[in-house]
Amino acid sequence: MDRIRIVGGNKLNGTIPISGAKNAALPLMIASLLTDETLILDNVPRLADVAQLQRILGNHGLDIMAAGKRPGDHEYQGQTLHISAANIIDTTAPYELVSKMRASFWVIAPLLARMKEAKVSLPGGCAIGTRPVDLLIMALEKLGAELQIDGGYVIAKAPGGLVGAEIDFPKVTVSGTHVALMAATLAKGTTVITNAACEPEIVDVADCLNKMGAKVSGAGTTRIVIEGVKKLHGARHTVLPDRIETGTYAMAVAMTGGDVQLAGARPELLQSALDVLTEAGATITPNNEGIRVARNGAGISPVKVTTAPFPGFPTDLQAQLMALMACAKGSSHITETIFENRFMHVQELARFGARISLDGETAIIDGIAKLKGAPVMATDLRASVSLVIAALAAEGETTVNRVYHLDRGFERLEEKLSACGATIERISG
Ligand SMILES: CC(=O)N[C@H]1[C@@H](OP(=O)(O)OP(=O)(O)OC[C@H]2O[C@@H](n3ccc(=O)[nH]c3=O)[C@H](O)[C@@H]2O)O[C@H](CO)[C@@H](O)[C@@H]1O
Ligand SMILES: C=C(OP(=O)(O)O)C(=O)O
């Protein structure tokens, strides 16, 4: 199993190219199931989750062609995928494939909408809470599908096709919103989703669906209206930049000090996180090429932050902020409201000497002057990268084990950080 070795203490200086967003690329790839024409996706990140979804879509019979860079493309542009679901040969998504990744469950929506049936294993994904799918099932039932759970699979049928409906989510859910949105594009009549998730990845998917001939309005607000159409067609769409990767590297720079240009980043996708970083003492300067992050001289100030759905502070940046606050001059409070078990990094950060105590859903972090390198274990995707951030600033050497979590969501992490002066290498095997 691969490990990452980091010797801390170097400031980060230079440019980090920001990749396409994992959490947009995955539902965009899934949306290709809605049409028998080719969907072309540009700027798809090279990640383990993307490769796994390619296998899942391949199992349904999709043809996927990956093209590399073209002359004139930016250094940070990802791969281009040409995905054709002309023939769906299998409407089952098996346990072996789906259990590795949460978003793969979402294939249930386009399969049901286009093929009128689907059998999909209950999902896996990061172990950060119970992560039920009751609201996804509720949404599909509202659209007229019959669903039952049998042998770990959700078996869904809509023999007469899906029918537009009013779907009011009792809590904000990104997965529920993606599923309802995709399914409703081919339903008969109008669907209104209320208390919809407003995440930029939902907007990106809605934009792509509209290019494919769907009639979606209101994405990015809490009320999305979808007029169902009979058929969708092919389109070409560019995946938006990854706001979580952006925030992660911004926190790494705030942690080590230095001056880094996050090329291709879009500040409006993570304003709440940028505001927190400014409060913590970083200098954030949006410019034409992305976002410049610097911290020179001044120490890290403590903050009080509560995670919330977009536009609030993202839960996917909570672990990284905690690593940063481990070196703040004072006591910080971080409250996690989205996932009930997303503090697995606390015990690993403690190996660096971090002083963190938990009080229900709040972590209290008493900053110390210097962390010390240690062998640590990655437990989930964002927890893993919080250990990398801690290691970059820690005195001495750190080994991060179970790196496969990182590979799910961070493209060329070692390369991007070492180009900015970090001492970081992957040890294979
Ligand atoms: C692939 C992807 O895009 N993953 C993101 C997505 O996860 P995901 O889409 O799984 O997250 P949701 O927004 O659906 O979950 C939010 C909350 O709702 C609960 N819930 C959800 C569905 C349901 O049927 N019942 C239910 O109770 C969840 O357990 C959680 O407590 O949004 C999360 C919140 O921004 C991010 O942390 C994940 O990185
Ligand atoms: C929790 C995450 O991913 P997933 O929903 O795929 O587990 C994440 O991207 O931080």
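Note that ligands are numbered from 1 as they come in the structure, with each ligand's atoms numbered from 1 the same way. The figures here come from the full heavy-atom set of this structure, side chains too, leaving out hydrogens, waters and symmetry mates.
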* Measure the distances from the heavy atoms of Arg342 to every atom of ligand 1 and state whether one is below 4.0 angstrom. =>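 Arg342 counts as a contact of ligand 1 under the 4.0 Å cut-off.
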
* To do: Assess Ala197 for proximity to ligand 1: is some non-hydrogen atom of it under 4.0 Å away?
  => no

Counting both backbone and side chain atoms, is some N or O of [X] under 3.5 Å from an N or O of ligand 1?
X      : result
Leu135 : yes
Asp134 : yes
Arg131 : yes
Phe339 : no
Gly176 : no

Lys/Arg-Asp/Glu bridge criterion (N-O < 4.0 Å) met for [X], [Y]:
X      : Y      : value
Arg342 : Glu336 : no
Lys22  : Asp242 : no
Asp407 : Arg426 : yes
Glu146 : Lys157 : no
Glu96  : Arg55  : no

Going by the 4.0 angstrom heavy-atom rule, the piece of Arg342 near ligand 2 is side chain

Under-4.0 Å heavy-atom contact with ligand 2, by part of Lys100 that carries it:
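Neither; no heavy atom under 4.0 Å.
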
Counting from 1, what ligand 2 atoms have a heavy atom of [X] closer than 4.0 Å?
X      : value
Arg382 : 8 (C), 9 (O), 10 (O)
Arg131 : 4 (P), 5 (O), 7 (O)
Asn23  : 9 (O)

Below a 4.0 angstrom heavy-atom separation, can you tell me which part of [X], side chain or backbone, both or neither, approaches ligand 1?
X      : result
Glu340 : neither
Trp106 : side chain
Arg102 : side chain

Would you say the side-chain atoms of [X] pair up with the backbone N or O of [Y], donor to acceptor, closer than 3.5 Å?
X      : Y      : answer
Thr38  : Gly234 : no
Gln52  : Leu97  : yes
Glu425 : Ile427 : no
Thr337 : Thr307 : yes

Out of [options], who gets a non-hydrogen atom closest to [atom]?
atom                    : options                : value
atom 21 (C) of ligand 1 : Ile244, Thr173, Leu317 : Thr173
atom 16 (C) of ligand 1 : Ile338, Leu381, Ile137 : Ile338
atom 9 (O) of ligand 1  : Ala21, Ser175, Ala24   : Ser175
atom 3 (O) of ligand 2  : Arg102, Met101, Lys22  : Lys22

| said: Is there a side-chain contact between Leu240 and Pro200 in this structure, where contact means two heavy atoms from C-beta onward sitting under 4.5 Å apart? | reply: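 Counting from C-beta outward, Leu240 and Pro200 do come under 4.5 Å.
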
**Study point:** Subset of ligand 1 atoms that lie under 4.0 Å from at least one heavy atom of Thr315
**Key:**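 What qualifies from ligand 1 is 34 (C), 37 (O).
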
Near Asp316 (heavy-atom distance under 4.0 Å), the atoms of ligand 1 are 36 (C), 37 (O), 38 (C), 39 (O)

Can you find an N/O atom of Asp49 closer than 3.5 Å to an N/O atom of ligand 2?
-> no

Around [atom], find the nearest protein heavy atom and jot down its residue, atom name and distance.
atom                    : value
atom 13 (O) of ligand 1 : Val174 N, 2.7 Å
atom 19 (C) of ligand 1 : Lys171 NZ, 3.6 Å
atom 23 (C) of ligand 1 : Pro132 O, 3.1 Å
atom 3 (O) of ligand 1  : Asn23 CG, 3.2 Å

Do Glu227 and Thr190 have a side chain donor and acceptor closer than 3.5 Å?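 Yes, side-chain donor-acceptor contact under 3.5 Å.
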
Q) Any side-chain donor paired with an acceptor under 3.5 Å for Thr80 and Asp42? A) yes

To the nearest 0.5 angstrom, please state how far the CZ atom of Phe313 sits from the OG atom of Ser272.
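One finds 6.5 Å between CZ of Phe313 and OG of Ser272.
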
### Query
So with a 6.0 Å cut-off around CG of Asp359, is the heavy-atom count from everything else above 12?
no

Task: Minimum heavy-atom distance between Glu348 and Met377, given as atom pair plus value - done: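 Reported closest heavy-atom pair: OE1-N, 2.8 Å.
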
